[in-house]
Amino acid sequence: MPHERMREDPSQRSLALGDAVCGARQAVEESVIQLVERYRCHNPCITLLADADETIERLRNRHDLAALSDGPLDSQRAKVRALGLTARLERIVLTEELGPGCEKPDPAGFKLIQEWAGVAAGRCVYVADNPLKDFGAPWELGWLTIRVRRVGGIHQHLPSGPDVGAEVTSLGSLDQVLAGSVRHSVRP
């Protein structure tokens, strides 16, 4: 019968719809993975903030300078290259190179820097901005910890804890803290 409708099997329609949804989900997951990989491996177009650049130049002839950074290794290496830090700092520690669990607040990276510098803990200074993870380990090791709490900074709204020894709004004030002319916590 030419005009007779063929009946669709509802279970076949459900299977086809389910296959389409699964296929779309897989395509989205693959796209996200590719985008994350592209982000982590790209060469960023970034520069240091002016006060950071000036501070490195001002202090590098008087102090051994090092950096400690968390994050995916390829991303961190690309940032170090883009910022030209290898030529300006004596030591760069990327915590992912140290192994799983060694990212801040773990003390492994801080200990490595202190051993490299060959100085007592009281001669080490750590400057950072995130009170949630940056200051606990160096404070416990006996380092002076200085928080940069920039106006408009990503962590500006977070309160400083007892492991922050001094706080500045710009790295331009760092020399004053290091010279002791800005009041900061004294450890017992």
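Computed from a predicted structure; not experimentally measured.
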Quick one: are [X] and [Y] in side-chain contact, heavy atoms under 4.5 Å?
X	Y	result
Val127	Val177	no
Arg149	Ser160	yes
Asp106	Thr95	no
Asp53	Thr47	no
Lys133	Asp70	yes
Asp175	Leu59	yes
Trp116	Glu90	yes
His155	Asp134	no

Which atom of [X] lies closest to which atom of [Y], heavy atoms considered:
X	Y	value
Asn43	Arg81	OD1-NH2, 3.6 Å
Ala137	Pro105	CB-O, 3.0 Å
Ile113	Ala67	CD1-O, 4.0 Å
Asp129	Phe135	N-CZ, 4.1 Å
Ser170	Asp51	OG-OD2, 3.2 Å
Pro44	Ala78	CD-CB, 3.6 Å

Inset, instruction - Check the surroundings of atom CZ in Arg123: do more than 12 heavy atoms from other residues, nucleotides or ligands lie under 6.0 Å from it? - result: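 Counting other residues, nucleotides and ligands, CZ of Arg123 stays at 12 neighbours or fewer.
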Inset, instruction - Determine whether more than 12 heavy atoms belonging to other residues, nucleotides or ligands lie under 6.0 Å from atom CD1 of Ile154. - result: no
Quick one: [atom1] on [X] to [atom2] on [Y], what's the gap to the nearest 0.5 Å?
X	Y	atom1	atom2	answer
Leu68	Glu103	CG	CD	10.5 Å
Leu48	Leu85	CG	CG	5.5 Å
Leu141	Tyr126	CG	OH	12.0 Å
Ile46	Leu83	CD1	CG	4.0 Å
Leu174	Ile146	CG	CD1	5.0 Å
Arg147	Asn130	CZ	CG	8.0 Å

Legend entry - Gly152 backbone acceptor or donor facing Gln156 side chain under 3.5 Å: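 Yes, because the side chain of Gln156 sits within donor-acceptor range (under 3.5 Å) of the backbone of Gly152.
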Inset, instruction - Without swapping roles, check the side chain of Thr145 against the backbone of Trp139 for a donor-acceptor pair under 3.5 Å. - result: no
Inset, instruction - Answer with yes or no whether the hydrophobic clustering places Leu73 together with Ile92; edges join I, L, V, M, F, W, Y residues whose side-chain heavy atoms lie under 4.5 Å apart. - result: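 As far as the 4.5 Å side-chain criterion goes, Ile92 and Leu73 are connected within one cluster.
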Inset, instruction - Kindly work out whether a path of hydrophobic side-chain contacts (I/L/V/M/F/W/Y, heavy atoms less than 4.5 Å apart) joins Val151 to Leu171. - result: no
Legend entry - Cationic N near anionic O, under 4.0 Å, Arg77 to Glu97: yes
Inset, instruction - For the pair Arg88 and Glu57, find out whether any cationic side-chain nitrogen is under 4.0 Å from an anionic carboxylate oxygen. - result: yes
